[in-house]
Amino acid sequence: MVSFHPDSKFLTDFAAGNLPLSEAVCVAAHLEFCSKCRSHVQQLSDVAAQMMARLEPVVADEDGFDTLMQRIEAGESTPQPARSAAQRASAASGATTMPLVVQKLAKGGLQNMSWVQLGRSLRIAPVNVGCKDRQTAIYDIKAGGRMPEHEHRGEEITVLLKGSFSDAEGKYVRGDFVVRHAGERHQPTATLDTDCICLVSLAEPVKPTSFWYRLLEPFVQYRLSGFSN
Ligand SMILES: [Zn+2]
């Protein structure tokens, strides 16, 4: 069962079309697993639409308003969650079905993405969402695999797409939306029964805290920055 949700600021910005794409795709992926947040976003969208309708005569000429409306109408920064109940049910119950937003990002399927192998347990496939401030990627941690302990330099959002992982704070399952902040340190470990696949949006590169991983860092930074443009 999904236990970790985006906070109301994420949902409000998502509903208004103001959330940068890297974070918006994470929220959209979570919404495919979570009916509670879906209805919350729907309510926020309804309120926003009513408010816009009331405000229009007053603010129509202000800079930015027209642009915002165009962005919302174009769906530029509001990736839509799965539309049909059947598709949502399939994403929520299927063991391997990926949320539609992830299928869209992966285009030819996860197996055809540009994977970078990091050690024995972890591989990363960068995703280009045209967002220069953040790195967006799919992480694949082998069953039972342990990621190197690392410290965050900025916010990290992780949405669990398959399997589960745990760290000192708790255990996270499919659909969970987990946020880590700058200065937090952790060492995620995938559970033993299945590989763990996550969608990750990272504000700043992580700082590995273990010696051996620090040796790899220049390589990691080089490879990831090569994909982020
Ligand atoms: Zn939720």
Side-chain angles (χ1 to χ4, degrees), residues 1-51 72 75-106 110 127 129 131 134-141 152 154-181 184 186 188 190-191 194-203:
M1 202 184 98
V2 177
S3 312
F4 296 88
H5 307 268
D7 65 21
S8 56
K9 182 168 188 322
F10 276 119
L11 296 181
T12 308
D13 284 348
F14 181 86
N18 287 336
L19 203 57
L21 266 180
S22 179
E23 293 143 276
V25 295
C26 291
V27 173
H30 172 79
L31 293 182
E32 293 193 39
F33 296 105
C34 182
S35 57
K36 188 178 132 193
C37 289
R38 273 203 308 276
S39 59
H40 193 167
V41 165
Q42 188 57 55
Q43 284 166 8
L44 288 168
S45 301
D46 293 346
V47 170
Q50 287 168 15
M51 195 180 76
I72 293 171
E76 182 205 307
S77 60
T78 316
Q80 293 300 308
R83 293 295 170 104
S84 84
Q87 285 167 332
R88 285 203 294 264
S90 125
S93 66
T96 55
T97 313
M98 287 291 142
L100 287 190
V101 65
V102 174
Q103 290 179 31
K104 205 164 185 177
L105 291 173
L110 291 186
V127 174
V129 294
C131 199
R134 297 178 77 108
Q135 290 174 346
T136 314
I138 307 285
Y139 283 32
D140 179 359
I141 315 169
H152 290 284
E155 183 188 80
E156 177 197 63
I157 302 168
T158 304
V159 184
L160 275 274
L161 305 174
K162 178 180 176 243
S164 57
F165 78 82
S166 57
D167 62 15
E169 305 279 315
K171 185 180 174 188
Y172 313 96
V173 300
R174 204 166 137 79
D176 276 338
F177 186 99
V178 185
V179 182
R180 291 275 176 262
H181 301 282
E184 289 188 46
H186 71 150
T191 42
T194 178
D195 291 356
C196 176
I197 298 179
C198 308
L199 174 62
V200 177
S201 167
L202 196 60

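We count ligands from 1, going down the list as the structure has it; atoms in each ligand are counted the same way. As the structure is a computational prediction, the values presented were derived from the model and not from experiment.
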Inset, instruction - To the nearest 10 degrees, could you say what angle the Zn ion (ligand 1) makes with NE2 of His30 and SG of Cys34? - result: 110°

Inset, instruction - State, to 0.1 Å, how close Ala190 and Ile141 come at their nearest heavy-atom pair, and which atoms those are. - result: CB-CG2, 3.9 Å

Legend entry - Rounded distance [0.5 Å steps], CG in Asp176 versus CG in Leu161: 11.5 Å

Legend entry - Gap separating the CD atom of Glu155 from the CZ atom of Arg180, nearest 0.5 angstrom: 11.5 Å

Inset, instruction - Please name the pair of heavy atoms, one in Tyr172 and one in Leu160, separated by the smallest distance, quoted to 0.1 Å. - result: O-CD1, 3.9 Å

Inset, instruction - Please confirm if an N, O or S atom belonging to His40, backbone or side chain, lies less than 2.8 Å from the Zn ion (ligand 1). - result: no

Legend entry - Proximal heteroatom of His5 relative to the Zn ion (ligand 1) (N/O/S): ND1

